[in-house]
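What follows is a set of notes on a single structure, which appears directly below.
Lettering of chains follows the sequences in order, A, B, ..., and the numbering in each one begins at 1. Keep in mind the model is a prediction, meaning the values are calculated, not measured.
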Number of protein chains: 2
Amino acid sequence: MTENADKKKHHHGNLRAALVSAGIELLEEGGLEALTLRKCAARAGVSHAAPAHHFEGLQGLKHAIAEEGFRLFSAHLQRAIEAGPQSDRGRLNSICRGYLLFGLQHRGVLNVIFGGKGLAGLVASPSGKKEAHAYLLLRQVCAPFVPEGVDPQVVEAQVWSLIHGFTLLHLAGEFGPPAVPEDGGAFDQVMGLLDALPMPPKA
Amino acid sequence: MTENADKKKHHHGNLRAALVSAGIELLEEGGLEALTLRKCAARAGVSHAAPAHHFEGLQGLKHAIAEEGFRLFSAHLQRAIEAGPQSDRGRLNSICRGYLLFGLQHRGVLNVIFGGKGLAGLVASPSGKKEAHAYLLLRQVCAPFVPEGVDPQVVEAQVWSLIHGFTLLHLAGEFGPPAVPEDGGAFDQVMGLLDALPMPPKA
DNA sequence: CATGTGAACTTGACAGTGTAAAGTAGTGCT
DNA sequence: AGCACTACTTTACACTGTCAAGTTCACATG
């Protein structure tokens, strides 16, 4: 019965997940600055030092939140792809739009995922690959745009850089006030650059 | 004589600049977490509450650092452009490479510039435009790639998004360990997407 | 069953942080 | 000289992360 995670261990039962959940809540409500070990503990109904037994300090909690946040992120992207038009270009556009919308809706979580080595260790580590659902989606969506003889990672890095940069700059307000409702303007125009894909292998 | 900023006012003379400078130092040495009002004050040789008279709290200091950092950033980009090949494509590549190198060398400063609304207020504000040296450079470098009838801001946003995203993802370690020395690999391949510029106005 | 072993959590403490209020010293103006 | 004003200091407080030492409970072992 190693599968069943329901077993109440001592007082709380499954505190670790509760702390991560509380952390994500705080993140959504008050951004990065609002994420605090003590507030997470309070929200989970335990004392301020309890988290120390489940994470290695604040950084450990952030790492755990990055893991869980990445799962939410991946699920969000998958839903976006499935809900959009089922063509190569349609899926490419959907994953990018999903990326942006996730950033707008879950700004704090995205910051934890990509901020301060949050994810680097996770994905780069040999054991972390299985968490990389979003990477598989990206690979899958980009595949039709990879010319023969070109490393797929190049195309993936191009798409990822473009949408990641656009999302973060948008979040930073560099493209004017965040026109959230479907965005319409800047997004489609910037993503128009992807119409150049697939690029010829080399001149 | 309102122009002359040299006048020693009281004890320190020009404390504000010293605090910003100390802040940038701390940023370079220990990253975002090391940037502290009290440490800045200590490094400038004043008491811990002195900064309150020059900035509105920590956020105010960060804003001031973002301004100064943006000036350094702009100068860095200009130098990169001038040092590179003098062709349209050469300048486009140089500004992007300069962007990446600045990120690698001054990670903390870049984070303050673009993190947490650091710059948004600065550039979006009517009085802040004059600080936007880097934007003028970007506009200038992108100009040859803007087709007739297309808003130049679209091209600028495309280039900016791509290099910004690539730089941040690189910094986050998503593209493997940061191969700092001229980078060689991923950078040139990803920037190859810009070979598609100028894009035809619309299909 | 008594006992102790260890995990989960609490309590208490400490240094460091941002910030606000009140005090002090030097500047400049009348 | 006197006075206001600015620049800075001092003091204080709430909050943070982290550590060390208890406490409480589940459970295995004698």
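At a cut-off of 3.5 angstrom, counting only N and O atoms as typed in the model, there is no donor on one side facing an acceptor on the other between the side-chain of B/His54 and the base of D/dT6. Side-chain atoms of A/His48 and base atoms of C/dG12 include a donor and an acceptor less than 3.5 Å apart.
Between B/Ser47 and D/dT10 there is no side-chain N or O to OP1 or OP2 distance below 4.0 Å.
Rounded to an integer number of Å, the gap from CZ of A/Arg38 to P of C/dC9 is 17 Å. When rounded to the nearest whole Å, the span between CG of A/Leu15 and C1' of D/dC25 equals 16 Å. Atom CG of B/Leu35 and atom P of C/dG16 are 17 Å apart (whole Å). Rounded to an integer number of Å, the gap from B/Leu37 CG to C/dT19 P is 6 Å. Taking atom CZ on B/Phe55 and atom P on C/dA20, their separation rounds to 16 Å, with Å as the unit. Between the P atom of D/dC8 and the CZ atom of B/Arg16 lies a distance of 13 Å, rounded to the nearest Å. Between the CG atom of A/Leu26 and the P atom of D/dT16 there is a distance of 10 Å, rounded to whole Å. The CD-C1' distance, from B/Glu33 to D/dT18, rounds to 14 Å in whole Å.
Mapping B/Leu58 and B/His53 onto DNA chain C by nearest heavy atom places B/Leu58 closer to the 5' end of the strand.
The pair B/Glu82-B/Arg79 does not count as a salt bridge, with every side-chain nitrogen at least 4.0 angstrom from each carboxylate oxygen. A salt bridge is absent between B/Glu56 and B/Lys62; no separation between the charged side-chain nitrogens and carboxylate oxygens falls under 4.0 Å.
Judged purely by distance below 3.5 Å, without hydrogens or angles, the side chains of B/Tyr135 and A/Glu174 pair a donor atom with an acceptor atom.
Here the OG1-CZ distance, from B/Thr167 to B/Arg97, works out to 11.5 Å after rounding to the nearest 0.5 Å.
In terms of the side-chain contact (heavy atoms from CB on, under 4.5 Å) criterion, B/Ala49 has no residue partners (sequence neighbours excluded).
Among D/dC8, C/dT19, D/dT16, the nucleotide with an atom closest to any side-chain atom of B/Ala50 is D/dC8. Proximity note for A/Ala49 (side chain, C-beta onward) versus C/dT11, D/dA12, C/dA20: the nearest is C/dT11.
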